[in-house]
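Only one structure is covered here, and it is reproduced in the block below.
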2 protein chains.
Amino acid sequence: MKDINLKSLEAFQAIIQTGSATAAASELGITQSGVSRLLSALEEHVGYQLFYREKGRLIPSEEALSLTKEIELALTSVERVSLLAKNIFDSDLGNLKIVAPNSFIAGPLADVISGFIEKHPNVTIDLKTNSPATAREMVAHRSVDCGFIQFPETHPGLSCVPLIQSNTVCAVPKSHPLAKRKRLKIEDLRGQDLILLGKGRESRMTIDEKFKAARVPMKIKIETQTVAIACSFVKRSLGIALVNGLLAEQYNDDGMVLLPFSPSITHQYGFISSAHAPMSRLTTAFYQHCLEYFN
Amino acid sequence: MKDINLKSLEAFQAIIQTGSATAAASELGITQSGVSRLLSALEEHVGYQLFYREKGRLIPSEEALSLTKEIELALTSVERVSLLAKNIFDSDLGNLKIVAPNSFIAGPLADVISGFIEKHPNVTIDLKTNSPATAREMVAHRSVDCGFIQFPETHPGLSCVPLIQSNTVCAVPKSHPLAKRKRLKIEDLRGQDLILLGKGRESRMTIDEKFKAARVPMKIKIETQTVAIACSFVKRSLGIALVNGLLAEQYNDDGMVLLPFSPSITHQYGFISSAHAPMSRLTTAFYQHCLEYFN
DNA sequence: ACTAGGGTATGACAAATTGTCATCGGGTGC
DNA sequence: GCACCCGATGACAATTTGTCATACCCTAGT
């Protein structure tokens with residue numbers, strides 16, 4: 001027995017709905033002959049007459065009527081496939097898994113994501129935070145779709161695109177004498193209480209090296225882990241913090257000022273995805289959105 | 001955009017299930033080239049790659065995976081159409097509406113129907129009883145599928161087939177002197193208390209005529225409507241009933257005897273269906289079953 | 001490095017399906 | 001009787017679906 005055929009089902013439904021093969025034909029955009037043939041094909045498939053021909057008209061048989069419901073179901077479910085495919089095409093449906101440092105999520109990423117959700121309201125987003133090392137692995141192994149990480153990045157399984165860079169700035173308490181300056185040099189920090197973070201991290205080592213090179217001794221008052229905490233200590237006038245300007249921006253208010261620092265120490269964040277597989281359409285859309293956002 | 005295609009969906013599913021186009025091909029009974037083409041067609045339809053080709057293999061993309069569920073649904077629902085069509089073809093699914101006199105249902109039809117249900121366990125049956133006149137109309141107008149009715153029948157919208165015939169018999173109380181006879185003639189009933197039914201009906205008129213022709217006065221003790229009631233009066237020795245032998249059979253027990261009667265008055269029951277439309281497959285199956293049952 | 005064996009893509013072509021046109025025959029309504 | 005609407009069908013065109021042969025890539029085992 002031949003395979004059942006989608007077009008004959010459509011023809012069948014059109015005949016049932018319109019009541020005649022001619023009308024069905026114009027609805028389907030084909031000729032009456034075509035409809036007639038499709039109907040014959042369907043009748044041959046099921047093995048019995050679906051319409052009996054009376055006075056030149058097509059009258060649905062009992063059997064045909066019992067089939068209509070099921071046929072309509074089948075057709076709509078095929079339709080749904082098309083629809084879902086289109087939604088996926090438009091990237092307005094799906095789930096996006098992103099890994100990024102908490103500080104980055106709280107800062108620049110928040111706006112990026114809220115803008116993306118606005119454009120694609122039916123997309124759900126999973127945000128995860130992990131250590132840079134595991135984040136790298138998660139992206140490479142595709143347990144998340146993409147991630148944001150501080151550069152440089154050389155993991156072989158990752159494809160990386162630099163997105164945004166910022167300089168280290170000095171967060172100075174409002175009441176501090178240096179707060180009046182336009183910018184601070186490394187020598188200006190001699191003898192000042194410092195608040196530093198990221199002990200052992202790449203960016204921190206760079207800072208240590210700069211101080212060594214400038215022969216300025218570091219008077220570290222507080223070691224901490226996050227920009228948020230460092231800033232809150234600054235606002236309590238416990239010292240001057242050297243932080244990533246991009247991340248510190250969000251905590252900038254009356255209690256402190258952010259001053260450019262020289263020598264410049266840059267931080268670069270980039271977008272990473274697995275090099276093993278091309279990005280899904282949705283991930284690509286998100287990537288494009290990021291590019292636009294960061295110009 | 002082209003219409004979506006059933007075969008490409010099947011190919012898609014086979015590829016997902018088996019993991020390769022080659023395996024999918026052998027599952028579908030076509031060649032690998034065919035599968036490759038069908039997949040291309042589907043990708044063209046949805047507008048994006050469903051599999052990315054890596055090292056000569058087909059790897060489903062995220063988008064493809066999100067579609068699998070929906071595609072499987074669509075395919076099974078099309079499958080169900082085929083299945084339902086086959087069930088209808090086998091007449092083991094559906095509903096059969098029958099109209100028949102109560103006495104006929106209680107008697108011969110009960111066995112016919114129970115046999116039919118045994119053969120077609122998923123068929124449901126609606127039994128209705130109406131006056132012969134409305135029964136005729138119901139069948140002609142196809143508000144029921146078929147019916148049983150006493151002949152002769154000349155309604156123009158009905159197609160009629162005689163099924164079974166029986167003779168009028170005398171139902172005589174066991175204790176009655178005539179109960180010893182092998183058969184009764186009309187003269188034997190002279191002066192006997194009679195129990196008759198169906199006043200005004202065709203069959204009753206025939207009885208009245210026979211008495212008139214034989215110049216035997218009728219001493220009607222009881223007029224009633226149903227064979228069941230007539231028989232129960234007989235068993236209480238209230239008189240002799242003239243009833244349709246076929247219908248009286250079921251009430252025949254120790255309390256009375258059924259004796260052939262002459263002149264013979266025959267009753268004929270037939271199968272009726274609408275002449276406007278061919279019988280549905282299920283109705284035809286039921287009709288065939290009736291023919292077999294009544295030989 | 002070479003080869004065997006797995007995989008997919010594609011050009012060329014055959015088969016089947018789907019569609020059109022023209023035409024027939026039946027039914028309806030004036 | 002005539003105009004018109006409907007469905008079926010033969011003849012043929014267009015499109016889809018499938019095959020074969022072949023090319024190419026990758027892996028694994030010599």
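Every chain is numbered from 1 and lettered A, B, ... according to where its sequence line falls, protein lines coming before strand lines.
- Using a 4.0 Å cut-off on heavy atoms, the residues of residues 13-27 of chain B that approach DNA chain C are B:S20, B:A21, B:T22, listed by number.
- Inspection of the A:T206 and A:S203 side chains reveals no N or O donor paired with an N or O acceptor under 3.5 Å.
- Residues satisfying the ring-ring contact (aromatic ring centres under 6.0 Å, His included) test with B:Y269, not counting sequence neighbours, are B:F104.
- Applying the ring-ring contact (aromatic ring centres under 6.0 Å, His included) rule to B:H120 yields the partners B:F116; only residues at least two apart in sequence or on another chain are considered.
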With a cut-off of 3.5 Å and sequence neighbours excluded, list every side-chain donor-acceptor pair involving residues 30-37 of chain B.
none

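- Rounded to a whole Å, the CG atom of B:L9 is 15 Å from the C1' atom of D:dT16.
- The nearest whole Å value for the distance from the CG atom in A:L6 to the P atom in C:dT18 is 10 Å.
- For B:H267, the ring-ring contact (aromatic ring centres under 6.0 Å, His included) test picks out no residue, with sequence neighbours left out.
- Put simply, CG on A:L39 is 15 Å from C1' on C:dT18, counting in whole angstrom units.
- The salt bridge (charged side-chain N to carboxylate O under 4.0 Å, His left out) pairs that include a residue from residues 120-129 of chain A number zero, where partners must be two or more places apart or lie in different chains.
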What pairs of donor and acceptor atoms, side-chain ones from residues 138-147 of chain B against any protein atom, are under 3.5 angstrom apart with sequence neighbours left out?
| residue | atom | partner | partner atom | Å |
| --- | --- | --- | --- | --- |
| B:H141 | ND1 | B:E137 | O | 3.4 |
| B:H141 | NE2 | B:E137 | OE1 | 3.4 |
| B:R142 | NH1 | A:Y52 | OH | 3.1 |
| B:R142 | NH2 | A:Y52 | OH | 3.1 |
| B:S143 | OG | B:M138 | O | 3.3 |
| B:D145 | OD2 | B:K97 | N | 2.8 |

Each nucleotide of nucleotides 19-30 of chain C classed B (base within 4.0 Å of a protein heavy atom), S (only sugar-phosphate) or -, in 5' to 3' order, makes BBBB----SS--

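- Between B:I59 atom CD1 and C:dG7 atom P there is a gap of 13 Å when expressed in whole angstrom units.
- Annotation: salt bridge (charged side-chain N to carboxylate O under 4.0 Å, His left out) contacts involving residues 147-165 of chain A, sequence neighbours excluded, comprise A:R136-A:E153.
- Distance CD (A:E10) to P (C:dT17): 17 Å, rounded to an integer number of Å.
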